[in-house]
Amino acid sequence: MKVTINDVAKHAGVSIKTVSRVTNSEPSVKQATIDKVNAAIKELNYQPNLAARNLAGTKSYVIGFIYDNPNAYYIIDMQNGILSACKDLGYELLIHPCNSRADNICEELTRLVKHNRLSGLVLTPPLSEDPVILAALDKIDASYVRIIAGEKVETGSGLAVLVNDRSGAISITQHLIDLGHRDIAFLSGDHEHESTKERLAGFKQALENNNIAVNDRYIIDGKYSFESGVKGANTLLSLKIRPTAIVACNDEIAAGALFAARLEGVDIPSDISIVGFEDSPFSRQTWPKLTTVHQPNEEIAHIATELLIARRREEKSDQTKVFQPEPVIRDSSAKPRA
């Protein structure tokens with residue numbers, strides 16, 4: 001027969017309410033009691049019914065992951081990070097893809113939170129950077145944590161995990177400059193993402209730091225996709241004076257650029273160096289393997305979820321956490337030809 005909370009309470013010699021407080025990780029429970037209840041749970045292989053717990057109590061134990069991002073590797077990392085934190089802390093995960101540009105996006109998210117009685121939301125770009133969406137969530141008093149680009153919170157308030165994309169872009173561009181490159185191009189991602197703006201700003205800052213003029217012909221607008229990388233690289237390769245290096249706004253764009261270059265018979269990195277950003281599986285599946293910037297997306301998501309749940313439990317925790325991406329030097333960057 002299925003083990004119930006009554007069985008656990010009887011086995012541990014405590015009340016049903018005490019078992020509930022332990023499984024809900026509520027404060028003010030003595031460690032000895034927690035250990036005793038957890039031992040009983042393990043011995044009896046008790047599995048709390050989170051759906052029933054949500055219905056029976058005033059608290060919810062479901063976290064929502066809301067996203068609008070075409071990068072499958074990014075989404076998988078985020079899901080894994082959020083899910084691991086939820087499992088550690090006794091929560092369930094609801095995953096909801098959406099179109100952040102839809103006219104009814106605010107109504108959709110409001111309905112989602114209310115209908116599913118979500119305890120909180122993990123928001124990723126561009127949703128986490130949209131003041132209209134944030135205002136709609138604030139209006140219904142929804143709890144959320146934002147994953148955003150930058151080194152400090154510029155808009156909105158509350159919980160945030162920041163990724164210092166500008167610093168990462170400065171570092172990877174400086175790597176190319178240190179190799180001897182001066183004609184360096186930039187392949188952009190979607191402009192509604194703050195990460196695009198921050199990475200472009202870091203790229204320009206690195207050039208300025210080294211007294212290298214920005215060549216507007218070398219800055220190509222695009223999307224966070226492989227196809228955009230192919231298209232952007234073809235534009236650069238058609239120029240009379242080609243760049244000797246390309247900084248791509250993410251690894252998927254960089255992989256597309258590398259593909260386009262090889263179709264044109266351009267050797268990487270002897271003829272052109274190409275670097276990416278994020279250190280996704282794309283960076284290790286290309287040939288040559290991509291020099292990139294490591295961004296620990298799974299860890300970022302895990303930390304964000306921990307901050308959100310700590311807030312829901314009224315535990316003391318940080319308001320923000322900042323990650324500093326670091327370059328990973330591989331085979332797609334080298335000194336320019338003499």
Side-chain angles (χ1 to χ4, degrees), residues 20-27 48-69 74-98 100 105-150 153 155-163 194 297-323:
S20 178
R21 290 175 66 197
V22 172
T23 57
N24 293 340
S25 300
E26 293 183 12
N49 187 330
L50 289 178
R53 186 169 59 163
N54 281 331
L55 290 171
T58 56
K59 292 183 179 180
S60 169
Y61 297 90
V62 181
I63 298 296
F65 170 38
I66 315 299
Y67 68 89
D68 176 11
N69 192 309
Y74 177 84
I75 297 306
I76 290 169
D77 281 345
M78 286 288 146
Q79 287 180 7
N80 289 339
I82 298 168
L83 185 59
S84 66
C86 285
K87 284 183 175 179
D88 290 345
L89 298 169
Y91 279 68
E92 292 283 7
L93 174 61
L94 182 148
I95 299 170
H96 183 80
C98 63
S100 62
I105 183 62
C106 292
E107 291 79 4
E108 178 184 341
L109 297 185
T110 298
R111 187 168 55 252
L112 178 79
V113 172
K114 291 181 176 180
H115 179 74
N116 294 281
R117 297 183 63 236
L118 297 181
S119 179
L121 300 171
V122 179
L123 301 175
T124 54
L127 296 155
S128 58
E129 299 160 343
D130 190 321
V132 175
I133 290 174
L134 299 179
L137 294 174
D138 289 336
K139 189 174 181 180
I140 61 169
D141 204 25
S143 294
Y144 56 82
V145 59
R146 297 186 294 149
I147 298 172
I148 54 179
V153 179
T155 59
S157 59
L159 303 175
V161 174
L162 299 106
V163 182
E194 279 298 316
N297 288 326
E298 192 167 327
E299 182 184 357
I300 288 168
H302 189 102
I303 293 293
T305 309
E306 286 184 332
L307 290 178
L308 178 62
I309 294 174
R311 168 64 63 83
R312 296 297 296 163
R313 291 176 174 174
E314 299 181 353
E315 298 172 356
K316 289 184 177 180
S317 65
D318 295 331
Q319 283 277 105
T320 60
K321 168 79 175 176
V322 181
F323 281 85

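Values reported hereafter were calculated over all heavy atoms of this structure, with side chains retained and with hydrogens, waters and symmetry mates removed.
Annotation: side chain of Phe65 is in contact with side chain of Met78 (closest heavy-atom distance under 4.5 Å). Between Asp88 and His302 there is a side-chain heavy-atom pair separated by less than 4.5 Å. At least one side-chain heavy atom of Leu94 sits less than 4.5 Å from a side-chain heavy atom of Leu112.
When every heavy atom of Ile147 is checked against every heavy atom of Ala301, the shortest pair comes out as CD1-CA, 4.3 Å. Closest of all the heavy-atom pairs between Ile148 and Ser128 is CG2-OG, 3.5 Å. Residues Ser119 and Ile63 share a closest heavy-atom pair of CB-CD1, 4.2 Å. Ser100 approaches Asp68 most closely through the heavy-atom pair OG-OD2, 2.7 Å. The two residues Leu89 and Ile309 come nearest to each other via the heavy atoms CD1-CD1, 3.7 Å. In terms of heavy atoms, Gln79 sits closest to Leu93 at O-CD2, 4.1 Å.
Side-chain atoms of Ser143 and Arg312 include a donor-acceptor pair closer than 3.5 Å.
With rounding to the nearest 0.5 Å, the separation of OH in Tyr91 from CD1 in Ile82 is 14.5 Å. Leu307 CG to Gln319 CD: the interatomic distance, rounded to the nearest 0.5 Å, is 9.0 Å. Summarising the geometry, atom CD1 belonging to Ile95 is positioned 9.5 Å from atom CD1 belonging to Ile75; distances are rounded to the nearest 0.5 Å. Here the straight-line distance linking atom CD of Glu298 with atom OG of Ser84 works out to 6.0 Å at 0.5 Å rounding. With values rounded to the nearest 0.5 angstrom, Cys86 atom SG is found 10.5 Å from Glu306 atom CD.
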**OP:** Evaluate side chain to side chain contact (heavy atoms under 4.5 Å, CB included) for Ile133 paired with Leu109, printing each intermediate quantity in order.
**Re:** CA-CA 8 Å; Ile133 290 174; Leu109 297 185; 3.8 Å; yes
Worksheet entry | Steps toward side chain to side chain contact (heavy atoms under 4.5 Å, CB included) verdict (Leu121, Leu137) | CA-CA 10 Å; Leu121 300 171; Leu137 294 174; 3.8 Å; yes
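Residues satisfying the side-chain hydrogen bond (donor to acceptor under 3.5 Å, both in side chains) criterion with Thr305, sequence neighbours excluded, are absent altogether. With sequence neighbours excluded, no residue forms a ring pair (Phe, Tyr, Trp, His ring centres under 6.0 Å) with Tyr74. With sequence neighbours excluded, the residues that form a side-chain hydrogen bond (donor to acceptor under 3.5 Å, both in side chains) with Glu194 are Lys197.
Tested against Tyr144, the residues Leu159, Ile66, Val113, Asp138 include a single side chain to side chain contact (heavy atoms under 4.5 Å, CB included) partner, Asp138.
With Arg146 contributing its side chain and Leu123 its backbone, the two residues share no donor-acceptor pair below 3.5 Å.
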